[in-house]
S.K.: 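Below you will find the structure I want to go over with you.
Here the structure is a predicted model, which is why all the values come from computation and not from measurement. Throughout, a chain's letter reflects where its sequence line sits, starting with A, and its residues are numbered from 1.
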Amino acid sequence: MSRVLSAVAWPYANGPRHIGHVAGFGVPSDVFSRYMRMAGHDVLMVSGTDEHGTPILVTADKEGKTARELADESNRVIVEDLHGLGLSYDLFTRTTTGNHYRVVQEMFRTCLRNGYMVEQTSLSAISPSTGRTLPDRYIEGTCPICKYADARGDQCDNCGNQLDPTDLVDPRSKINGETPQFVETQHWFLDLPAVADALGEWLDGREASGTWRPNVIKFSQNILEEIRPRAMTRDIDWGIPVPGWEDQPTKRLYVWFDAVIGYLSASIEWARRLGEPEKWREWWTDAEAESFYFMGKDNIVFHSQIWPAELLAHNGAGSRGGEPGAYGVLNLPTEVVSSEFLTFGDAQFSTSRGHVIYVRDMLERYGPDPLRYFICAAGPETSDAAFTWADFVTRNNSELVAGWGNLVNRTATMVAKSFGEIPAAGPLEEVDEAVLATVRGGFESVGSLVERHRLRAAIAEAMRVVGEVNKYLTVTEPYKMKDESQRERLATVLHVALQCVSDCNTLLAPFLPHAANKVHAVLGGEGELFPMPRIEQVDELEPDSGAGLTSYPVITGDYSATPRWEPRPVVVGTPIAKPTPVFTKLDPSVVEEELARLS
RNA sequence: GGGGCGGUAGCUCAGUCGGUCAGAGCAGAGGACUCAUAAUCCUUGGGUCGUGGGUUCGAGCCCCACCCGCCCUACCA
């Protein structure tokens with residue numbers, strides 16, 4: 001039994017999330033967390049919505065809302081979507097809470113005191129009308145090299161040369177077309193070179209563990225070579241105030257400085273709401289505790305460089321030395337688990353072009369588990385993977401429905417017809433022992449794959465076991481045992497089959513928790529065997545410290561009753577009624593319907 | 001431009017230390033069966049493992065070059 005922190009990437013609150021997002025961080029982290037709880041670990045799974053930064057301001061302006069309003073709306077939608085998917089967060093909160101503000105400011109002060117925050121002046125683009133920092137991404141102009149008219153501030157798409165926004169001829173804001181001003185501005189920079197050696201050591205150690213995906217560790221080591229100080233403040237009026245710069249309300253902490261601290265602040269908030277305000281330390285300052293960070297590949301740099309750098313600076317563990325702050329020596333990530341991208345057909349998801357599938361729509365039309373199944377079985381685990389509606393329907397119909405759902409259905413139907421309850425088994429034959437051993441073996445084989453974040457292989461292995469049980473029924477032919485003289489053998493086979501179905505259901509529960517509870521009911525069980533998260537409206541803990549929240553929805557849950565990752569004997573005599581199908585077969589026409597929605 | 005990943009049967013992909021590694025699932029074909037959401041079970045198909053070199057007794061797996069696709073390139077979350 002060990003402490004496991006599941007640190008799940010924070011969805012950005014500038015609109016609803018599409019299925020590519022939850023394929024990257026959501027489903028993989030939940031499968032892992034559910035499994036680890038079943039395996040007996042003490043899991044703390046935290047996340048929340050990331051609500052600061054320029055894009056929210058831009059979107060809010062465009063939609064005629066305040067940033068606060070947009071963040072509130074997006075937060076609610078995202079909370080509902082993630083809850084609908086059954087993601088079992090201990091706490092899913094947000095970055096505009098007073099608790100988060102205070103933790104971030106404490107982190108900043110400690111990094112500053114330890115000497116890892118250095119003040120520098122740099123030339124940066126400002127939007128004259130708002131006074132806000134204009135990120136390079138939002139600046140366009142004519143390329144000074146090839147004269148391409150729509151070069152970006154960071155690079156010319158036409159000639160490929162790297163640019164600085166100040167190089168552009170006739171620069172203009174992509175947001176409103178105005179000409180940006182380039183002004184000298186002061187900011188706090190995180191002295192990344194001062195922690196570079198410590199980062200390198202940490203990464204080498206992680207590489208030696210052999211657990212990280214090769215591309216993640218390589219990429220992380222590569223970006224270490226060109227490490228430079230990085231600004232942690234911005235000229236912006238939406239964000240966390242900079243300690244010591246209270247007299248400069250237009251300067252705030254950079255969104256990424258605060259967002260990654262969310263893992264810590266959410267853990268603290270969870271402990272406070274639990275009434276045991278120090279309990280978070282068990283996951284953060286105990287050297288034995290492990291932490292797993294889940295995200296899409298675009299976030300690797302923030303989790304393998306920026307966040308560990310902040311932790312090292314806070315711990316006083318860089319070349320400038322220092323003392324840990326009030327939180328003590330905080331653990332660096334055990335593993336950065338990054339997914340690649342889920343593409344939609346042969347192109348990336350694109351909200352602006354309408355080339356997108358929202359989580360909400362998916363849940364409404366098909367429910368959570370078919371999507372969870374698809375993501376686990378065919379998701380972007382180690383390379384980009386394509387979602388197509390045709391593939392989705394095929395996976396659902398031929399694997400979920402025909403493979404697993406049908407096994408549940410045929411077994412329960414036979415038991416209901418012949419006995420009406422779970423029969424006692426007579427003497428076991430070799431074929432019975434064999435199938436039971438196969439299913440028992442699944443706990444080891446599936447479990448070790450999930451532990452290594454190999455969900456595609458894990459769910460395939462679970463489905464292979466399901467296939468073995470289907471084969472068992474074909475071989476033993478219980479449906480032919482109509483004579484009274486075969487009654488005992490019939491009872492034995494159906495008992496064994498039911499036991500296998502029950503255990504397969506346990507094997508599949510981390511992947512398909514909703515279905516697992518339905519199957520549990522089909523097998524005569526009551527209530528929710530596999531605990532599900534709930535949405536709860538909570539009061540802001542520190543209304544005076546944050547961004548004006550008074551109450552907000554969180555995802556939380558009590559997962560203490562999670563069943564163990566092991567076979568669980570079925571109870572003889574449990575009534576079994578004729579079942580209704582657990583999974584729904586999809587008509588192939590949904591492919592056409594869905595494609596038609598896009599246009 | 002720099003860095004990374006990938007290019008294996010019609011489709012989606014496995015292939016850890018180089019030597020039963022040429023595989024799985026789906027689709028297709030044939031057969032069996034009928035308890036089940038026309039589900040299930042069995043059999044089957046042969047793809048010069050992107051291209052061209054090289055190392056080796058032996059290479060999808062190592063090296064070099066090239067072609068193609070994708071991602072990242074840091075104040076875009």
Side-chain angles (χ1 to χ4, degrees), chain A residues 9-14 49-56 58 95 122 124-125 133-138 152-155 159-162 187 189 192 210 213-216 218-223 225-228 230-236 254-260 295-302 305-306 340-341 343 346 348 377-378 381-386 388 390-391 394-395 397-399 401-403 405-418 454 456-457 460 463-464 467 470-475 477-481 494 497 579-585:
Chain A
W10 291 53
Y12 195 61
N14 66 340
T49 45
D50 173 11
E51 305 182 7
H52 296 126
T54 310
I56 283 183
V58 174
T95 58
S122 62
S124 107
T133 295
L134 196 56
D136 292 358
R137 176 62 171 256
Y138 288 107
R152 299 193 323 232
D154 50 354
Q155 181 177 354
C159 65
N161 281 292
Q162 276 199 37
H187 286 295
F189 282 64
L192 290 164
R213 289 175 181 160
N215 55 332
V216 179
K218 273 188 178 176
F219 178 79
S220 303
Q221 289 171 321
N222 186 260
I223 55 178
E225 288 168 18
E226 295 179 38
I227 200 164
R228 294 197 306 259
R230 190 168 161 163
M232 289 294 142
T233 52
R234 290 291 182 280
D235 293 291
I236 192 171
Y254 170 45
V255 58
W256 265 112
F257 180 81
D258 92 71
V260 288
M295 73 213 69
K297 62 182 165 185
D298 52 337
N299 277 349
I300 294 175
V301 65
F302 296 100
Q305 184 170 103
I306 307 294
E340 303 294 302
F341 283 164
T343 60
D346 53 6
Q348 280 207 43
E381 202 166 284
T382 54
S383 63
D384 291 355
T388 65
D391 200 16
T394 298
R395 292 266 181 194
N397 288 356
S398 67
E399 298 179 32
V401 177
N406 181 54
L407 174 63
V408 173
N409 218 38
R410 68 194 298 209
T411 307
T413 300
M414 282 189 277
V415 172
K417 275 189 194 169
S418 302
R454 299 195 47 182
R456 295 175 67 126
M463 293 303 284
R464 184 192 68 78
N470 264 321
K471 187 188 296 187
Y472 170 77
L473 290 177
T474 299
V475 171
E477 301 179 315
Y479 41 83
K480 286 186 178 172
M481 302 174 185
L494 291 184
T580 52
V582 170
F583 298 99
T584 305
K585 187 164 182 174

S.K.: Has Thr49(A) got a side-chain atom pairing as donor or acceptor with Tyr12(A)'s backbone, closer than 3.5 angstrom?
M.R.: no

S.K.: Using the P atom on both, measure C68(B) against U51(B) and round to a whole Å.
M.R.: 15 Å

S.K.: Starting at atom CG of Asn299(A), determine the distance to atom C1' of A74(B), rounded to an integer number of angstrom.
M.R.: 12 Å

S.K.: Indicate, yes or no, whether a donor-acceptor pair under 3.5 Å links the base of A36(B) to the side chain of Asn406(A).
M.R.: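 Donor-acceptor pair under 3.5 Å: yes.
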
S.K.: Apply the test salt bridge (charged side-chain N to carboxylate O under 4.0 Å, His left out) to residues Arg456(A) and Glu381(A): give CA-CA distance (whole Å), side-chain angles for both, the deciding distance (0.1 Å), then the verdict.
M.R.: CA-CA 8 Å; Arg456(A) 295 175 67 126; Glu381(A) 202 166 284; 5.3 Å; no

S.K.: How long is the span from the NE2 atom in His187(A) to the CZ atom in Arg230(A), to the nearest 0.5 Å?
M.R.: 13.0 Å

S.K.: Assuming nearest nucleotide by heavy-atom distance, tell me which of Asp50(A) and Lys297(A) is located more 5' along RNA chain B.
M.R.: Lys297(A)

S.K.: Atom CG of Asp384(A) to atom P of G6(B): distance rounded to whole Å?
M.R.: 11 Å

S.K.: Tell me: NZ of Lys480(A) to P of A32(B), nearest whole Å?
M.R.: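 Taking atom P of A32(B) as the reference, NZ of Lys480(A) is at 13 Å.
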
S.K.: Can you tell me which stems involve RNA chain B, if a stem is defined as three or more consecutive Watson-Crick or G-U wobble pairs, both distances under 3.5 Å?
M.R.: B:1-7 with B:67-73, B:10-13 with B:23-26, B:28-32 with B:40-44, B:50-54 with B:62-66

S.K.: For atom C1', what is the distance between U43(B) and C61(B), given to the nearest Å?
M.R.: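 The same atom, C1', in both gives a distance of 31 Å.
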
S.K.: How far, in whole Å, is C57(B) from U8(B) if one measures between their P atoms?
M.R.: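 Nearest-Å result for U8(B) against C57(B) at atom P: 31 Å.
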
S.K.: Side-chain donor or acceptor of Arg234(A) under 3.5 Å from a matching atom on the base of C75(B)?
M.R.: yes

S.K.: For Arg410(A) and U37(B), give me the distance from atom CZ to atom C1', rounded to whole Å.
M.R.: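 It works out to 12 Å between those atoms.
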
S.K.: Measure the spacing between CE of Met481(A) and CE of Met414(A) and express it to the nearest 0.5 Å.
M.R.: 10.0 Å

S.K.: Using a cut-off of 4.0 Å on non-hydrogen atoms, how would the nucleic acid contact of Glu340(A) be classed: base, sugar-phosphate, or nothing?
M.R.: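 No contact at all - Glu340(A) keeps every heavy atom at 4.0 Å or more from the nucleic acid.
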
S.K.: Measure from CD on Glu477(A) to P on U34(B) and round the result to the nearest Å.
M.R.: 7 Å

S.K.: Between A65(B) and G23(B), how far is it from one C1' atom to the other, in whole Å?
M.R.: 30 Å

S.K.: Among U12(B), C71(B), G15(B), which nucleotide sits nearest the side chain of Arg454(A)?
M.R.: G15(B)

S.K.: Separation of Glu381(A) atom CD from C5(B) atom P, in whole Å?
M.R.: 17 Å

S.K.: Would you measure the distance from the P atom in A14(B) across to the matching atom in G7(B) and give it in whole Å?
M.R.: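 Taking atom P in both A14(B) and G7(B), they lie 8 Å apart.
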
S.K.: Asn470(A) or Val255(A): which one's nearest nucleotide on RNA chain B is closer to the 5' end?
M.R.: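 Residue closer to the 5' terminus by nearest nucleotide: Asn470(A).
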
S.K.: Output the distance between atom CD1 (Ile306(A)) and atom CD1 (Ile223(A)), rounded to the nearest 0.5 Å.
M.R.: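 The CD1 atom of Ile306(A) sits 8.0 Å away from the CD1 atom of Ile223(A).
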
S.K.: C21(B) and G15(B): how far apart are their C1' atoms, nearest whole angstrom?
M.R.: 7 Å

S.K.: Taking the minimum atom-to-atom distance to the side chain of Tyr479(A), which one of A14(B), U34(B), U37(B) wins?
M.R.: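 For the Tyr479(A) side chain, the nearest candidate turns out to be U34(B).
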
S.K.: Please round to the nearest 0.5 Å and tell me the distance separating atom CZ of Arg410(A) and atom OG1 of Thr474(A).
M.R.: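 Atom-to-atom, Arg410(A):CZ and Thr474(A):OG1 are 5.0 Å apart.
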
S.K.: In whole angstrom, give me the gap between the C1' atoms of G54(B) and C41(B).
M.R.: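 Nearest-Å result for G54(B) against C41(B) at atom C1': 49 Å.
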
S.K.: Quick check: do Met232(A) and Asp258(A) have side-chain heavy atoms less than 4.5 Å from each other?
M.R.: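 They are not in side-chain contact.
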
S.K.: Is the backbone of Ala402(A) close enough, under 3.5 Å, to the side chain of Asn397(A) for a donor and an acceptor to pair up by distance?
M.R.: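 Judged by distance alone, no pair lies under 3.5 Å.
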
S.K.: I'd like the P distance from A22(B) over to G50(B), given in whole Å.
M.R.: 16 Å

S.K.: As a test of the definition: with a 90° window around 0 for syn, would you call G60(B) syn or anti?
M.R.: syn

S.K.: Taking only N and O in the side chain of Lys585(A), is any of them less than 4.0 Å away from OP1 or OP2 of A39(B)?
M.R.: yes

